[in-house]
Amino acid sequence: MKPIEVVRGTFTRRTKMLFSRVFIVVQNVITISMLACTLIMSMQIRHLVTAPLGFDTADKLTIYSYENFVGSDFPVFLDRLRALPGVNSIAVSNGTPADGGYNIGLPLKGDTDITSFQYFYATPGFMDMFGITLNTDRHAEGDAIVYLNEAALNKLGMKATDCHLSDRFPFRNLSGFPDNLQFGGVFNNFRVRSILDPQWPMFILIIDKPEQPSCVTLQTDGDPMETYAAARKIYKEVFHEELSQWQPPTVTDQIAQVFEKEQHTTHIVMLFALIAIIISTLGLVAMSTYFIRQRAKEIAIRKVFGSTGNQIRARLIRTFLLHVAVAFVIAVPIVVWLMHKWISEYSYRITWWPWIIVAGAAVLLISYAAVAIQSHIAGNENPVKNIKQE
């Protein structure tokens with residue numbers, strides 16, 4: 001090494017680290033790709049879980065049972081639930097918008113195909129509890145009122161201003177629908193179970209005593225799990241058996257459960273992304289230490305001839321960040337190919353490409369942190385230590 005070549009900028013000899021450079025680039029390609037996929041998948045699942053469904057999901061607990069809710073002890077159970085300090089209101093039904101209620105397929109008069117309807121039996125207060133609003137309210141009075149959504153109204157060939165239910169659908173022939181059934185109006189559309197479910201034709205029967213109810217929904221305040229624990233205790237005391245239900249207790253968890261498989265996949269990708277980040281960071285620390293030691297004399301000569309510590313650090317860090325930039329260019333088409341194929345399966349999706357940039361920026365910061373300490377040490381080292389005769 002000739003010092004004058006370093007000063008003139010004509011020094012061309014470089015440490016042979018071709019394999020190391022390729023290794024660093026490959027590590028960063030994997031890290032950026034997996035981190036970008038993790039971010040995109042996480043945000044997409046969160047987008048699906050928190051999507052506006054048209055009904056209120058907050059602070060609601062559901063208790064499911066069948067045989068016990070039709071017995072003589074059921075009113076006692078309801079009264080004790082109402083007495084709980086964390087319960088504001090109660091609605092009895094045969095399902096909720098989160099679980100989809102019931103489905104029935106019937107041939108409408110004049111149609112050859114079967115039409116599927118989602119429907120709910122519920123006590124007064126059910127629609128208010130879930131924030132289901134009316135587009136058209138006929139102010140019907142009575143102990144059995146049915147409300148339709150726009151899709152059901154169209155299927156039945158009705159208008160919102162009609163006074164009577166269409167005879168195309170045999171409402172009064174259905175179990176639990178009394179003869180004095182009245183048309184109450186049209187409710188605004190909401191989606192059952194998740195945002196990905198189609199917009200079904202739906203109707204809601206509001207009745208004082210639903211036949212064979214399966215669900216009790218509690219509107220709570222405070223800690224919902226404390227209220228649920230108290231409700232389980234009451235259930236055991238009244239019905240003399242443990243509460244066992246197939247659904248999570250909260251409405252928000254029921255919606256999240258729809259995407260349980262996707263969430264598990266996201267967690268696995270997240271774990272591998274974390275491992276990739278750790279391996280990449282360790283690799284960068286090791287390679288930067290080795291690389292800086294190889295260039296120790298060059299760094300010392302530059303300092304002797306006037307280079308500052310900041311200039312030395314910037315030069316060393318820039319070398320490694322360039323590898324990250326190359327890795328980002330390679331990783332982008334990989335992530336686009338993987339995520340475009342995955343996210344196209346969802347009709348309701350996020351704008352996902354900015355998360356590739358976020359992942360690249362995150363890896364850039366991690367790489368900077370990994371080499372900054374070694375570069376700081378090299379930039380502040382006494383040059384005499386590395387140019388003295390050995």
*Asks:* State, with a plain yes or no, whether a side-chain heavy atom of Leu61 is found less than 4.5 Å away from one of Thr250.
*Replies:*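 Yes - at least one pair of side-chain heavy atoms lies under 4.5 Å apart.
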*Asks:* Is it the case that one hydrophobic cluster holds both Val363 and Ile278, taking links as side-chain heavy atoms less than 4.5 Å apart, direct or via other members?
*Replies:*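 Shared cluster, no.
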*Asks:* Look only at the side chain of Thr31 and the backbone of Ala276, and say whether a donor-acceptor pair between them is shorter than 3.5 Å.
*Replies:*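 Yes; at least one donor-acceptor contact below 3.5 Å.
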*Asks:* What is the distance from atom CD1 of Ile279 to atom CG of Leu274, rounded to the nearest 0.5 Å?
*Replies:*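 The CG atom of Leu274 is 10.0 Å from CD1 of Ile279, to the nearest 0.5 Å.
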*Asks:* Under the side chain to side chain contact (heavy atoms under 4.5 Å, CB included) rule, what do Asn68 and Phe77 come out as? Steps first, then yes or no, please.
*Replies:* CA-CA 10 Å; Asn68 288 331; Phe77 177 63; over 6 Å; no
*Asks:* What are the two closest heavy atoms between Gly101 and Asp99, and how far apart are they?
*Replies:*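 The pair with the smallest heavy-atom distance is N-OD1, 2.8 Å.
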*Asks:* For residues Val87 and Ile90, report the shortest heavy-atom separation together with the two atoms involved.
*Replies:*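 Smallest interatomic distance, heavy atoms only, reads CG1-CG1, 3.9 Å.
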*Asks:* For the pair Asp79 and Arg82, find out whether any cationic side-chain nitrogen is under 4.0 Å from an anionic carboxylate oxygen.
*Replies:*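 Yes, this pair counts.
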*Asks:* Are the side chains of Trp342 and Cys37 in touch, meaning some heavy atoms are under 4.5 Å apart?
*Replies:*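 Heavy-atom side-chain distance check fails, nothing below 4.5 Å.
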*Asks:* Would you say the side chain of Arg80 lies within less than 4.5 Å of the side chain of Glu237, judging by non-hydrogen atoms?
*Replies:*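 Heavy-atom side-chain distance check passes, below 4.5 Å.
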*Asks:* How many angstroms lie between atom NE2 of His267 and atom OG1 of Thr265, to the nearest 0.5 angstrom?
*Replies:*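 Between His267 NE2 and Thr265 OG1, I get 10.0 Å after rounding to 0.5 Å.
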*Asks:* Specify the closest pair of heavy atoms between Ser116 and Trp200, including all atoms of both residues, with the distance to one decimal.
*Replies:*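 Heavy-atom minimum between the residues: CB-CZ3, 3.7 Å.
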*Asks:* Check step by step if side chain to side chain contact (heavy atoms under 4.5 Å, CB included) holds for Trp352 and Val336.
*Replies:* CA-CA 9 Å; Trp352 55 275; Val336 170; 4.2 Å; yes
*Asks:* Decide if atom OH of Tyr348 counts as having more than 12 heavy atoms of other residues, nucleotides or ligands within a radius under 6.0 Å.
*Replies:*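 More than 12 within 6.0 Å, yes.
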*Asks:* Give a yes or no on whether the backbone of Thr281 and the side-chain of Gln27 come within a donor-acceptor separation of less than 3.5 Å.
*Replies:*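 Side chain of Gln27 to backbone of Thr281: no pair is present.
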*Asks:* Please check this pair: side chain of Glu150 against backbone of Val186, looking for a donor-acceptor N/O pair closer than 3.5 Å.
*Replies:*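 Here the side-chain-to-backbone pair does not exist.
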*Asks:* Let me see the working for Phe328 and Ile356 under side chain to side chain contact (heavy atoms under 4.5 Å, CB included), right down to the final yes or no.
*Replies:* CA-CA 9 Å; Phe328 179 76; Ile356 304 176; 4.1 Å; yes
*Asks:* May I have the step-by-step check of side chain to side chain contact (heavy atoms under 4.5 Å, CB included) for Tyr346 and His47, ending in yes or no?
*Replies:* CA-CA 11 Å; Tyr346 299 100; His47 188 60; over 6 Å; no
*Asks:* Please examine the side chains of Phe117 and Leu148, heavy atoms only from C-beta on, and report whether any two atoms are closer than 4.5 Å.
*Replies:*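 The answer is no, as the side chains (C-beta and beyond) never meet within the 4.5 Å cut-off.
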*Asks:* Between atom OH of Tyr119 and atom CG of Leu205, what is the distance when rounded to the nearest 0.5 Å?
*Replies:*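 It comes to 10.0 Å.
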*Asks:* Enter the distance from Ile32:CD1 to Ile357:CD1 here, rounded to the nearest 0.5 Å.
*Replies:*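 CD1 of Ile357 is found 12.0 Å from CD1 of Ile32.
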*Asks:* Between Gln212 and Val70, is there a donor-acceptor pair closer than 3.5 Å when you use the side chain of the first and the backbone of the second?
*Replies:*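 Flag not set: sc Gln212 to bb Val70 has no pair under 3.5 Å.
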*Asks:* Please check if atom CZ in Arg46 has more than 12 non-hydrogen atoms from other residues, nucleotides or ligands closer than 6.0 Å.
*Replies:*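 For Arg46, atom CZ is not crowded (no more than 12 foreign heavy atoms under 6.0 Å).
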*Asks:* In terms of hydrophobic clusters joined by side-chain contacts under 4.5 Å, are Val49 and Met270 together?
*Replies:*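 The answer is no; the residues belong to distinct hydrophobic clusters.
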*Asks:* Can you tell me how far CH2 of Trp355 sits from CG of Leu35, rounded to the nearest 0.5 angstrom?
*Replies:*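 Rounded to the nearest 0.5 Å, the CG-CH2 separation comes out at 10.5 Å.
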*Asks:* Could you pull out the closest heavy-atom pair between Phe183 and Cys163, with the gap in Å?
*Replies:*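 Phe183 and Cys163 have their closest heavy atoms at CB-O, 4.4 Å.
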*Asks:* So which atom in Thr115 and which in Lys155 form the shortest heavy-atom distance, rounded to 0.1 Å?
*Replies:*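 For Thr115 and Lys155, the tightest heavy-atom pair comes out as CG2-CD, 4.0 Å.
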*Asks:* Hey, does the side chain of Lys60 reach the backbone of Ala58 with a donor-acceptor pair shorter than 3.5 angstrom?
*Replies:*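 The answer is yes, because a donor-acceptor pair under 3.5 Å joins these two groups.
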*Asks:* So do the side chains of Thr38 and Phe272 get within less than 4.5 Å of each other, counting heavy atoms only?
*Replies:*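 No, their side chains stay 4.5 Å or more apart.
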*Asks:* Is there a path of hydrophobic side-chain contacts, each under 4.5 Å between heavy atoms, that joins Phe120 and Val251?
*Replies:*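 Hydrophobic grouping puts Phe120 with Val251.
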*Asks:* Any side-chain heavy atom of His264 sitting closer than 4.5 Å to one from Glu260?
*Replies:*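 Counting from C-beta outward, His264 and Glu260 do come under 4.5 Å.
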*Asks:* Sub-3.5 Å donor-acceptor pair from the side chain of Asn149 to the main-chain atoms of Met202, do we have one?
*Replies:*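 Yes; judged by distance alone, with no hydrogens or angles, the pair exists.
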*Asks:* Distance-only, no hydrogens or angles: does the Arg193 side chain make a donor-acceptor pair with backbone N or O of Val258 under 3.5 Å?
*Replies:*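 Looks like no, no N/O pair under 3.5 Å.
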*Asks:* Which residue in the set Phe69, Tyr102, Tyr121 passes side-chain contact (heavy atoms from CB on, under 4.5 Å) when paired with Ser214?
*Replies:*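 Of the listed residues Phe69, Tyr102, Tyr121, the side-chain contact (heavy atoms from CB on, under 4.5 Å) partner of Ser214 is Tyr102.
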*Asks:* With the side chain counted from C-beta on, respond yes when Asp197 and Leu53 share a heavy-atom pair under 4.5 Å apart, and no when they do not.
*Replies:*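 They are not in contact (no side-chain heavy atoms under 4.5 Å apart), so the answer is no.
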*Asks:* Determine, stepwise, if the pair Tyr64 / Tyr66 fulfils ring-ring contact (aromatic ring centres under 6.0 Å, His included).
*Replies:* CA-CA 7 Å; Tyr64 290 90; Tyr66 285 102; 8.1 Å; no
*Asks:* Would you confirm whether Ser93, through its side chain, and Thr96, through its main-chain N or O, come within 3.5 Å as a donor-acceptor pair?
*Replies:*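 No, Ser93 side chain to Thr96 backbone: no donor-acceptor pair under 3.5 Å.
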*Asks:* Please give me the minimum heavy-atom distance between Arg191 and Pro198, naming the atom from each residue.
*Replies:*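 Shortest heavy-atom contact: NH1-C, 3.6 Å.
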*Asks:* Indicate if Leu218 and Phe55 have the same hydrophobic cluster label, given that clusters are the connected sets of ILVMFWY residues with side-chain heavy-atom separations under 4.5 angstrom.
*Replies:*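 Hydrophobic grouping puts Leu218 apart from Phe55.
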*Asks:* In the structure I gave you, are the side-chain heavy atoms of Ser65 and Phe239 within less than 4.5 Å of one another anywhere?
*Replies:*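 The answer is no; the side chains never approach within 4.5 Å.
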*Asks:* Keeping Asp162 on the side-chain end and His164 on the backbone end, is there a donor-acceptor pair under 3.5 Å?
*Replies:*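 Checked: no pair found.
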*Asks:* Around Glu141, counting heavy atoms of other residues, nucleotides and ligands shown, do more than 12 lie under 6.0 Å from its CD?
*Replies:*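 Open.
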*Asks:* Side chains of Gln254 and Thr62 only: does a donor on one sit below 3.5 Å from an acceptor on the other?
*Replies:*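 Per modelled atom types, Gln254 and Thr62 side chains form a pair under 3.5 Å.
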*Asks:* I need the Thr266 OG1 to Leu39 CG distance, nearest 0.5 Å.
*Replies:*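 Thr266 atom OG1 to Leu39 atom CG measures 11.0 Å (nearest 0.5 Å).
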*Asks:* Assigning hydrophobic clusters by single linkage (Ile, Leu, Val, Met, Phe, Trp, Tyr; side-chain heavy-atom cutoff under 4.5 Å), is Val324 placed with Val332?
*Replies:*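 The answer is yes; both residues are in one hydrophobic cluster.
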*Asks:* Taking the side chain from Gln199 and the backbone from Phe190, do they hold a donor-acceptor pair closer than 3.5 Å?
*Replies:*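 The answer is yes, because a donor-acceptor pair under 3.5 Å joins these two groups.
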